[in-house]
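Remarks on the structure that follows.
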Amino acid sequence: MSRHWLFKSEPDAYSFEQLRIDGTTPWSGVRNYQARNFMMEMKAGDLGLFYHSSIPEPAAVGIVKVARTAYPDFTALERGGEYYDPRSTDAKPIWMMVDVAYVEPLAHPVTLARMREDRRLAAMPLLQRGQRLSVQPIEAHEWKIILALAKKPG
DNA sequence: GCCAACGTTGGC
DNA sequence: GCCAACGTTGGC
């Protein structure tokens with residue numbers, strides 16, 4: 001059974017528009033075990049939301065899909081790089097990533113504020129106080145609700 | 001820019 | 001194993 005996911009990114013660092021241009025991108029640089037574990041649960045073809053964070057109006061802006069299941073995050077091995085982790089080796093990689101592919105934009109972005117207003121979405125990890133996970137699951141019913149919200153302007 | 005909340009680190 | 005200190009995230 002396929003699951004749904006949310007991929008969080010600061011658009012200044014990597015935007016949905018950039019993914020449109022790239023087509024597919026490795027979701028590298030995740031250095032949180034819970035987020036990594038979610039990526040290891042992903043299956044090829046799983047759909048997800050691309051969410052823009054740390055901007056005036058944080059929002060889910062587009063649909064993506066998992067194009068490649070989890071494999072070692074090469075940035076952890078890049079000595080001197082921003083994401084280098086000396087504990088990670090070729091033989092025993094610590095950090096994993098998936099490839100994420102562009103699918104389509106939401107007709108209308110679903111802002112964080114809109115999600116907060118919808119009580120049916122109250123259980124989403126994204127909306128929990130102090131929650132910072134950059135990769136998180138979305139339940140089937142939440143997925144449906146968000147896509148329905150995206151069909152009409154906020 | 002502020003600051004609450006979180007995960008990680010490291011001394012003990 | 002505890003927990004204080006620290007750095008980071010991310011909404012506001």
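In the text below, chain A, chain B and the rest are named by the order of the sequence lines, each starting its count at 1.
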The side chain of [X] is closest to which nucleotide in this list: [options]?
{"X": "L112(A)", "options": "dG11(C), dC6(B), dT8(B)", "answer": "dG11(C)"}
{"X": "S53(A)", "options": "dG11(C), dT8(C), dT9(B)", "answer": "dG11(C)"}
{"X": "S54(A)", "options": "dG10(C), dT8(B), dT8(C)", "answer": "dG10(C)"}
{"X": "R129(A)", "options": "dG11(C), dG10(C), dA4(B)", "answer": "dA4(B)"}

Note to self: Are W95(A) and Y71(A), when compared by the centres of their aromatic rings, separated by less than 6.0 Å?
What the structure shows: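 No: the rings miss the under 6.0 Å criterion.
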Note to self: Under 6.0 Å between ring centres: does that hold for F16(A) and Y102(A)?
What the structure shows: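 So the answer is yes for these two rings.
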Distance check needed: [N] [atom2] versus [X] [atom1], whole Å only.
{"X": "L126(A)", "N": "dG11(C)", "atom1": "CG", "atom2": "P", "value": "7 Å"}
{"X": "Q34(A)", "N": "dT8(B)", "atom1": "CD", "atom2": "C1'", "value": "14 Å"}
{"X": "L133(A)", "N": "dG10(C)", "atom1": "CG", "atom2": "P", "value": "9 Å"}
{"X": "Q131(A)", "N": "dG7(B)", "atom1": "CD", "atom2": "C1'", "value": "12 Å"}
{"X": "D85(A)", "N": "dT8(C)", "atom1": "CG", "atom2": "P", "value": "14 Å"}
{"X": "R114(A)", "N": "dG11(C)", "atom1": "CZ", "atom2": "P", "value": "17 Å"}
{"X": "R132(A)", "N": "dG7(C)", "atom1": "CZ", "atom2": "P", "value": "14 Å"}
{"X": "R87(A)", "N": "dG10(B)", "atom1": "CZ", "atom2": "C1'", "value": "14 Å"}

Next item on the list: Would you tell me whether S53(A) and R132(A) have side-chain atoms, one donor and one acceptor, within less than 3.5 Å of each other?
Entry: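 The criterion, which ignores hydrogens and geometry beyond distance, is not satisfied for R132(A) and S53(A).
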Check: Looking for any heavy atom pair under 4.0 Å, which part of the strands does R116(A) touch: base, sugar-phosphate only, or nothing?
Finding: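 The residue R116(A) makes sugar-phosphate contact but no base contact.
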Notebook entry, point to check: dG11(C) phosphate, OP1 or OP2: any side-chain N/O from Y51(A) under 4.0 angstrom?
Noted result: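 Checking Y51(A) against dG11(C): at least one side-chain N or O falls below 4.0 Å of OP1 or OP2.
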Next item on the list: Answer yes or no: are there more than 12 heavy-atom neighbours, outside E57(A) itself, under 6.0 Å from its atom CD?
Entry: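 Atom CD in E57(A) is not crowded, with 12 or fewer foreign heavy atoms closer than 6.0 Å.
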Note to self: Could you check whether E117(A) pairs with R114(A) (Lys NZ or Arg NE/NH1/NH2 to Asp/Glu carboxylate O, under 4.0 Å)?
What the structure shows: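 Salt bridge between E117(A) and R114(A), a charged N being under 4.0 Å from a carboxylate O: no.
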Checklist line | Sidechain-backbone polar pair: S88(A) side chain, L77(A) backbone, donor-acceptor under 3.5 Å | finding: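 Flag not set: sc S88(A) to bb L77(A) has no pair under 3.5 Å.
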Next item on the list: Would you work out how much the helix from dG1(B)-dC12(C) to dC12(B)-dG1(C) bends between its ends, with each end axis defined by five base pairs, to 10 degrees?
Entry: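 It comes to 10° between the two terminal axes.
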Next item on the list: Apply the ring pair (Phe, Tyr, Trp, His ring centres under 6.0 Å) test between W27(A) and each candidate in W5(A), F50(A), Y83(A); give the one that qualifies.
Entry: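 Passing option: F50(A).
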